[in-house]
Amino acid sequence: MVLTPHTSAVSTDSIRITTSPTQFSADQSTLPQTQVQIENVIPVTEPVTPFTPLHTGHTYVPEGSQSYLNATESGKKIINSVQALIRDLQHSTPPAAGSSILETTQLSKVTQLLNEVKGLKDLLNVVISFQAQQAKQDSIAKLAEIQLTTVQHLNSLHQQVQNLSVAHPDYATSSEVKMLFAQLHTEQLKSNEQMVSYSQCSVEQIGKAIRLLNLNKQEMDTDAMKQNEMMTLTQKTFNHIHHNNLQRQYYDTALLKTFHQVFAGLTETLICNVSRTTNSSSPAGVQVHVLKDQQRVVIDNGLVEVTFASPGGDVIGIKYNKIDNVLEIKHEEDDRGYWDVVWSTPGGSDIFDKVQTTDFKIIKEDEQQVEISFSKKWDPKDKSAVPLNVDKRYIVRCGSSGLYMYTILERLKGWPDVDIDQIRVVFKLQKEKFHFMAVSDDKQRMMPMPEDRTTGQPLAYPEAVLLTNPIDPKFKGEVDDKYQYSLENQHNQVHGWISNDPPVGFWMISPSHEFHAGGPVRQDLTSHCGPICMNMFTSIHYVGKDFNTSYRNGEAWKKVMGPVFVYLNSISPTNDPLAHWNDAKAQMLKEEKSWPYDFIQSPDFPSSNQRGTVMGQLTVGDKYASEKSPVYADCAYVGLAAPGFPGSWQFEAKGYQFWTRVDSKGNFLIKNVRPGTYSLYAWVPVVIGDFKHNCDITITPGKTTALGSLVYVPPRNGPTLWSIGIPDRSAAEFYVPDTSPTLMNKLYTNHPTDKYRQYGLWERYTDLYPKNDLVYNVGVCNYTKDWFFALVIRKKGKDTYEPTTWQIVFPLQVVQQTGNSTLQLALASAAMSEIQVRFNNQNAVKPLFTTGLIGKDNAIARHGIHGMYWLYSINVPCNNLVVGSNTIFLTQTRDNGPLYDVMYDYIRLEAPTQP
């Protein structure tokens, strides 16, 4: 058995340990030479047997305080006895020169000493068990001091015994001492076994002392000296054992292996102590406490303490870095950290369900991890509860300053028809502490208070409020709207809040998007005024009811939402928000690298070796776009989603999706795909349309599916006559006006690429075009300046609007008399609109083409620059065109409200196919 330690660098304000990586074998008689610089820790990861847990939280209950008091008093007496024995041995007369026999009294004292040390083991177990159960601050402090003193004396004893042998060489030559310290496996002297017991006891007590001190978070927070003492003590013990083994062959192979196992356990504990977040509290492994009388479950790893309502499963408290609860304590307990579902019966009103569960269970519990479950079975009699079986899971891990969570939702076959339009997890933080919000590198700011929204002026919809009388005057005149901070799935990796006093960050990290609905560019909410931090797994935001959230005809369904990670950090003493943000991003990268997690206990979450891989190459075959067709599909998005039609992935909310970007040569690799059957989809920026592979793909665990080279032939009927925009599924390249100075969000004042996030831009069209609509002259106008980003209706008066018609004017030198031209009309968004297309006759009763009523994504109201993608290839008979000037009329006919609109992505007119 070969053990290979790895070097890691971690630090706190008071502890840093440095060891050199080395390789050693348990079959060898030498141990690694380790120098402590208090800088790095060696995590011995495998194949070491885990350290035996000292207690099991809720399952072990000591008999009571009297056992504790008796144990501590007995411990003091043993310490005094040990001290006296050491003094006697130091001053005893050594054997005469050449003698091979120890004096009976000396040997008796050594034996007595060893017996005393062995007696500490059982007593300390009682002490530790009592402390873990009672968790009283006065007892903890006293116990920590007793334990530290005990370990110091144990270590001193070890040193004194060594010094005794070195100071009196005749002791070392005596047969009794040889047998006592050299472990010759003889039966002539039973003191041999006692020495082994002493050695094991010494190392184990160091480990137990460290774990014990870890339990005392308050004392360790304020007493860095004790932390350093424990680190030094542990290292001294290691050095003594190493020295003894190397020079005198004290230990046999079995004891050597035992030491490696114990030291591995100690190292893991020390790693847990040293949090990268620079929080000085020290974890004692992970503990769970079930308080049935209070209907509470508490998980504590020394860095974070999370409290759950039981059996409902809400997160009601998170204690971290001197904040007793980062969640809003002024809210009801079911309004702090919770999962919710918005659902309805077909045609019925929405029902808001906070998914209260009925059963609690501990799934896994040891010092490295606790996973708990709050679950319920659907009760048909409960008409307010969504027809789902629910299993909410929470995980706290050793050394991790945060909470992992996921939920398993299930419909059984034959259950009633429902629409499930929203699934999310929400955390509401203390408003008096968390004022700075960060959702991306360029979207960070101080935020208004929730009261400011209450006293403000509601605008066109409830989410948008003009701040008229804010608590902090600097926010006066700004608009606050939660949708101004939405992100696309592909960019929604980490977001959250920062408290200034004490400096604490609270972050929502999504290590994967396989469980998010709608693909990589679908947008949804992140953090917003409250302060609120959430993860949206499914919603109809930016999509509307076109999203596939309906369950019909007794359809069975099951999905794991998550896991996601709530991460807390504290970068002290700096108050620079960037320090917390950068640390949160670094943690996000670590979580992504660890995906799929190997510590999830549910069989519904497959590990890496239970997943498959898909690889291939994508090219684009468009002879009118490139003479070298096909060309590499540079920057393409390639993904796996539920079987469907080209582009159906953007409407898909029920299954899992797995997406990647191709490299410069079109190569793609999609890893860690759950087993199942999928369609392969793709779309290419600067190319219209959607690709779908002609065969569905079945993913088998551990297998790689190689698809080879795939060619996407986009919609195309002839050469391009002219085009407007960039086919990237967004209206961002078009003209976005400045907002009204009285309706501004200052974050986006100097963000030219995010101007569309300002409120009320749809009304700016009427300001710019009060009477006549937009006219775009091909070859003269510039779409970045002359094409308004959204085709909206014109405001005529209070609550009255009229349809608008845009014109595209273009010349033709020749018109073919056979074949059809094609108008490629790509939309980036549509909300309750109908686009009618006419050529050269605005008053024609019947349009050449109409989209019909389309779209429910409401993207413009939610400050998005795109919603759902729509593509229409419109045949244009040659008799609709003339030589000379031509005009296309695009009319938005629906005028029932201010937010009925479309956003164009790209328009292209193609000549007929060449013979």
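- Within 6.0 Å of the NZ atom in K545, the count of heavy atoms belonging to other residues, nucleotides or ligands exceeds 12.
- For the residue pair S510/N535, the side-chain donor-acceptor check at 3.5 Å is satisfied.
- Within the 4.5 Å cutoff, the side chain of M536 has no heavy atoms near those of the N492 side chain.
- Between the side chain of Q657 and the backbone N or O of H516 there is no donor-acceptor pair closer than 3.5 Å.
- Sorted by first then second residue, the salt bridge (Lys or Arg N to Asp or Glu O under 4.0 Å) pairs that include residues 729-752, not counting sequence neighbours, are D690-R729, D738-K755.
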Show your working on side chain to side chain donor-acceptor pair (under 3.5 Å) between D773 and T804 and close with a plain yes or no.
-> CA-CA 7 Å; D773 286 320; T804 52; 4.9 Å; no
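- In this structure, T357 contributes its side chain and G312 its backbone to a donor-acceptor pair below 3.5 Å.
- No close placement of the Y756 and F789 rings is indicated, their centers lying 6.0 Å or farther apart.
- When side chains are defined from C-beta on, W507 does not count as touching Q587, because their heavy atoms never get closer than 4.5 Å.
- Taking 4.5 Å as the limit, every side-chain heavy atom of N896 sits out of range of all side-chain heavy atoms of M832.
- Note that CD1 of I532 is 9.5 Å distant from CG of L525, once rounded to the nearest 0.5 Å.
- Between F734 and W787, the angle of the ring planes lies from 30° to 60°, which puts this pair in the tilted group.
- Nearest heavy-atom pair across I323 and P502 is CG1-CG, 3.5 Å.
- One distance of note links CG of D481 with CZ of R862; it measures 9.5 Å at 0.5 Å rounding.
- The aromatic rings of Y461 and Y759 sit tilted, their planes meeting at an angle between 30° and 60°.
- The aromatic rings of W870 and F651 sit perpendicular, their planes meeting at an angle over 60°, well past the 30° parallel limit.
- Ion pairing between a basic and an acidic side chain is recognised when a charged N comes within 4.0 Å of a carboxylate O; K431 and E451 show such pairing.
- S486 and Y542 share a donor-acceptor pair across their side chains, judged by distance under 3.5 Å alone.
- Side chain of S570 to backbone of N321: no donor-acceptor contact under 3.5 angstrom is found.
- Atom CD of Q523 sits about 5.5 Å away from atom CD of E488, to the nearest 0.5 Å.
- Looking only at side-chain heavy atoms (C-beta outward), K433 and V504 stay at 4.5 Å or farther from each other.
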Evaluate the criterion side-chain contact (heavy atoms from CB on, under 4.5 Å) for residue pair V494 and W581; output intermediate values, then yes/no.
-> CA-CA 9 Å; V494 56; W581 170 248; 4.0 Å; yes
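- A donor atom on one side chain and an acceptor atom on the other are found under 3.5 Å apart for D419 and S550.
- By the 4.5 Å heavy-atom criterion applied to side chains, P847 and F889 are not counted as neighbours.
- Here the rule is ring pair (Phe, Tyr, Trp, His ring centres under 6.0 Å) with W683, and of W659, Y637, Y869 only Y637 fits it.
- For D754, the salt bridge (Lys or Arg N to Asp or Glu O under 4.0 Å) partners are K443, R757, not counting sequence neighbours.
- Of all the heavy atoms in A859 and S829, the pair that sits closest is CB-OG, 3.5 Å.
- Using a 4.5 Å cut-off on side-chain heavy atoms (C-beta onward), Y320 and F506 make no contact.
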Evaluate side-chain contact (heavy atoms from CB on, under 4.5 Å) for I808 paired with I724, printing each intermediate quantity in order.
-> CA-CA 10 Å; I808 303 174; I724 299 172; 3.9 Å; yes
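- At least one test fails for R424 against the ring of F537: distance under 6.0 Å to the centre or angle within 45° of the axis.
- One distance of note links CG of D728 with SG of C635; it measures 11.5 Å at 0.5 Å rounding.
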side-chain contact (heavy atoms from CB on, under 4.5 Å) evaluation trace for I835 with Y904 | CA-CA 11 Å; I835 303 301; Y904 290 102; 3.9 Å; yes
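- There is a side-chain donor-acceptor pair under 3.5 Å between S740 and T742.
- Here the side chains of F475 and M449 are not in contact, with every heavy-atom distance at 4.5 Å or above.
- A salt bridge links K354 and D335; the closest N-O separation between the charged side-chain nitrogens and carboxylate oxygens is under 4.0 Å.
- At least one donor-acceptor pair under 3.5 Å links the side chain of S833 to the backbone N or O of D901.
- No hydrogens or angles considered: nothing links the side chains of N469 and T455 as a donor-acceptor pair under 3.5 Å.
- Proximity of a side-chain donor or acceptor of S401 to a complementary backbone N or O of L568 within less than 3.5 Å is detected.
- Between Y748 and Y485, the ring-plane angle classifies as tilted under the 30° and 60° cut-offs.
- With hydrogens and angles disregarded, no donor-acceptor distance shorter than 3.5 Å links the side chain of D857 to the backbone of H866.
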Run the side-chain contact (heavy atoms from CB on, under 4.5 Å) check on R894 and I793 step by step: do they pass?
-> CA-CA 8 Å; R894 307 288 175 143; I793 52 182; over 6 Å; no
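- Shown here for D452 and I471, the closest heavy-atom pair between the two residues is OD1-N, 2.8 Å.
- Within 6.0 Å of the CG atom in N750, the count of heavy atoms belonging to other residues, nucleotides or ligands does not exceed 12.
- A tilted orientation is assigned to the rings of Y394 and F308, their planes being inclined by 30° to 60°.
- Taking every heavy atom of both residues into account, L327 and V315 meet most closely at CD1-O, 3.5 Å.
- In terms of modelled atom types and a separation under 3.5 Å, the side chain of K476 and the main chain of P470 share no donor-acceptor contact.
- With hydrogens and angles left out, the side-chain atoms of Q457 and T468 include no donor and acceptor closer than 3.5 Å.
- Side chain of Q892 to backbone of E834: a donor-acceptor contact under 3.5 angstrom is found.
- Pairing each heavy atom of D480 with each of C529, the nearest pair is OD2-CB, 3.6 Å.
- Atom-to-atom distance recorded for N500:CG and D576:CG is 11.0 Å, nearest 0.5 angstrom.
- For the residue pair D524 and H541, a side-chain donor N or O sits within less than 3.5 Å of a side-chain acceptor on the partner.
- None of K585, H513, E592 except one satisfies the side-chain hydrogen bond (donor to acceptor under 3.5 Å, both in side chains) rule with Q493; the exception is E592.
- N489 CG to E514 CD: the interatomic distance, rounded to the nearest 0.5 Å, is 12.5 Å.
- Residue H580 comes nearest to N569 through the heavy atom pair O-ND2, 3.1 Å, listed as atom of the first residue, atom of the second, then distance.
- Counting heavy atoms from C-beta outward, Q444 and L578 have side chains that approach closer than 4.5 Å.
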